[in-house]
There are 2 protein chains.
Amino acid sequence: MDVQRLELLRELADRGSVTAVALATHRTPSAVSQQLKVLEREAGLPLTQRQGRGLVLTDAGRALARSATDVAVSLAKATALWDDFRNNATGEVSLVTFPTAGQMLLPGVIKNLGPGLVLNCADEDPELSDFPAFTAEYDIVLAHSMSGQLSWAGRGLTVVPLMTEPLDVGLPVGHPLADRAWVRPSDLIGETWIGVTDGYPFERILHAIEQEAGARLSMSQRFADLALIESFVIAGLGIALVPRYTSGGGQPGRLVLKPLRGIESERQIVALMRPDRAERLAVRTIIAALQSEAATVQQSHTPK
Amino acid sequence: MDVQRLELLRELADRGSVTAVALATHRTPSAVSQQLKVLEREAGLPLTQRQGRGLVLTDAGRALARSATDVAVSLAKATALWDDFRNNATGEVSLVTFPTAGQMLLPGVIKNLGPGLVLNCADEDPELSDFPAFTAEYDIVLAHSMSGQLSWAGRGLTVVPLMTEPLDVGLPVGHPLADRAWVRPSDLIGETWIGVTDGYPFERILHAIEQEAGARLSMSQRFADLALIESFVIAGLGIALVPRYTSGGGQPGRLVLKPLRGIESERQIVALMRPDRAERLAVRTIIAALQSEAATVQQSHTPK
DNA sequence: ACATCCATGTAGGCAGTCTAAACAATTCAT
DNA sequence: ATGAATTGTTTAGACTGCCTACATGGATGT
């Protein structure tokens, strides 16, 4: 039983097409097709099945691909073990993030990297893309979701929580509520809101506020970019929900944040990984750095 | 990271010499040596070390060999999985046993084997050999030890208990104690014993009887073969401890068994396996058959 | 000192995996 | 509908890598 072939099957399960697997593994589609054929012959039963011009896994294929993950994990553990022996967290790690988390965590992490450890980062718009799917492409995926509900569950991915960031109400200076220590849903009736596009976790909290306050909120704009939203708030065009640690980067002192009471208003930032990649020493090192950086950020925002 | 090479390292850990590994894996020592060299180069640190004319593992080598077991296990699980899919418990399984267990369990197991499943058996003298070491050579090793104490622990082997067999006192017909329903240690003072050679579990029980009865037992002979011991008992030359389910095969009715009260007198019969081999469907099938056969034997000796 | 045992080099053969290019099948667009 | 594009498969040939055979270098024991 050859591990490389099993790996190929797993890639096929993750990526869905022979060509994609070939691309990802630096091979020609022909090579992939041949190896899968050999695997099927060894297995003695069909693992794949043509569907249209593509290829899908059979039940047996899916089951085998799942167990291939275990193989990959134990293999990664073995290689990580001898990296441990050399104390040698070396190599390249790739990472995708949504913009705000990257802005908050990555500079601090990269500054403190050990020698020989390289972190390649990229950002993606969380509403345009299926973030869990990026685990096929990147070693680490920074994603967020509301506390409690894990939208990425059930895919067999490793999930490491990094921090929970409160979502505050952003107000312009001089706003009637700006003097309060905190605000409650009922205080917010009648305000004009700057919202975000669908799919964002923010959305759900706004609805929760509506429920709690018993009134509909008026939503004048919908943006994806946080800086843009904040500039609207500062201009007095409305108020918005903004993540506490990431806001105000551009124009400090002109935006006021008020904690929201009476409702749970926070987002959870986590790292998503394929289980096998999570075992690599280099990856584990980066994850540890992310956690420590997250703790630092969180602490620096906690009033003494 | 290549699995085959890891496997080679694990074999080296189990067998202790390059030549032995070569023999076991149907290769030349040269091939093994080369592959280990490649593995070391990949690892970047020495995994083996010359000692005399042999080769021993370094700490790193041992650690890596241990994690190689996990890889082998998950790989075996994968192949077992698709054997499951085909409902195809097929292939050859090898087994060593000590004589009495083989006599008791194997005929029944082999009779009920499914088609395509072959069980190759051998027997070894348990006092001459290190039974756990046979797991390198055979898929399944039937061994025994006293209840509670596991002499084979700590080697990373899979242990499956099959049955516990009482050790009774064997008496010739017409012996003064032959009418009793059971005997106690104090009843046995003054008897002449037929013992077994050192290392057998029997030994320990005899010592326990001495402690309990407060007197030394006189030991006239020491044999390893059960049939031989029994013939001595039948001839009136002494009494002996005999396993309840295995005794009297040769000459029924001429040997009387009496349960021993006041002391725990039983041996545990278990199957020992390398963890990866334990995952094979064919092996699991045999193990299941052994368990069921053991239960049958045990039940047939339980008075209604 | 010699025979033996064990591990390791070296050279060459062989098998298995890849690339390249042609092919077949399906979908999409015009 | 017909052609273009996408996707997977086939075939032939090159290349890599593993293994065998044989020779070498230490270490052990008689």
Side-chain angles (χ1 to χ4, degrees), chain A residues 1-58 60-62 64-65 68 71-72 75 133 136-137, chain B residues 1-58 60-62 64-65 68 71-72 75 79 133 136:
Chain A
M1 176 56 342
D2 189 72
V3 180
Q4 299 239 55
R5 285 193 259 267
L6 270 184
E7 199 60 25
L8 244 43
L9 190 72
R10 190 167 71 100
E11 291 287 349
L12 183 63
D14 280 3
R15 300 178 193 270
S17 91
V18 172
T19 337
V21 174
L23 230 35
T25 60
H26 309 106
R27 272 186 268 239
T28 55
S30 173
V32 175
S33 179
Q34 288 177 59
Q35 294 308 312
L36 289 176
K37 188 123 295 200
V38 173
L39 191 66
E40 268 192 349
R41 200 159 44 77
E42 285 180 336
L45 47 82
L47 301 174
T48 61
Q49 194 176 333
R50 299 215 56 150
Q51 184 172 64
R53 54 186 169 188
L55 205 64
V56 294
L57 294 179
T58 61
R62 254 188 305 280
L64 202 50
V71 177
L75 212 76
E137 208 61 39
Chain B
M1 176 56 348
D2 189 71
V3 181
Q4 299 239 58
R5 286 192 260 267
L6 269 184
E7 198 61 24
L8 244 42
L9 190 73
R10 189 165 73 100
E11 290 287 349
L12 184 62
D14 279 3
R15 300 178 193 270
S17 91
V18 172
T19 337
V21 174
L23 230 35
T25 61
H26 309 105
R27 272 186 269 240
T28 56
S30 175
V32 175
S33 181
Q34 289 176 57
Q35 294 308 312
L36 289 176
K37 187 123 296 201
V38 174
L39 191 65
E40 266 192 351
R41 200 161 44 75
E42 285 180 337
L45 48 83
L47 300 174
T48 62
Q49 193 177 334
R50 298 214 57 149
Q51 184 172 65
R53 53 187 169 189
L55 205 64
V56 293
L57 293 179
T58 62
R62 253 188 306 280
L64 201 50
V71 177
L75 208 71
T79 77

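Proteins get letters first, then strands, A, B, ... in listed order; numbering begins at 1 in each.
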What is the distance, rounded to the nearest whole Å, between atom [atom1] of [X] and atom [atom2] of [N]?
X: Arg41(A); N: dT9(D); atom1: CZ; atom2: C1'; answer: 15 Å
X: Arg15(A); N: dT7(D); atom1: CZ; atom2: P; answer: 15 Å
X: Glu40(B); N: dA7(C); atom1: CD; atom2: P; answer: 14 Å

>> At less than 4.0 Å, is any side-chain N or O atom of Thr19(B) found next to OP1 or OP2 of dC5(C)? Yes or no.
In response: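 Thr19(B) to dC5(C) OP1/OP2: no side-chain N or O under 4.0 Å.
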
> Is Lys37(B) near enough to dA7(C) that one of its side-chain N or O atoms lies under 4.0 angstrom from OP1 or OP2?
Replying inline: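 No, outside the criterion.
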
>> Base contacts versus sugar-phosphate-only contacts with protein, heavy atoms under 4.0 Å: please encode nucleotides 18-28 of chain D as B, S and - from 5' to 3'.
In response: SBBB----BSB

Can you list the residues that meet the side chain to side chain contact (heavy atoms under 4.5 Å, CB included) rule with [X], with sequence neighbours excluded?
X: Ala72(B); result: Glu7(B), Arg10(B), Asp276(B)
X: Ala60(B); result: Phe85(A), Leu45(B), Leu47(B), Thr58(B)
X: Glu42(B); result: Met1(B), Arg5(B), Val38(B), Leu39(B)

> How would you list, by chain and number, every residue that makes a side-chain hydrogen bond (donor to acceptor under 3.5 Å, both in side chains) with Glu40(B), sequence neighbours excluded?
Replying inline: Thr48(B)

> For Arg53(A), what residues pass the salt bridge (Lys or Arg N to Asp or Glu O under 4.0 Å) criterion, not counting sequence neighbours?
Replying inline: none

>> Taking the side chain as everything from C-beta on, heavy atoms only, tell me whether Leu75(B) gets closer than 4.5 Å to Leu6(A).
In response: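 Leu75(B) vs Leu6(A): side chains touch.
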
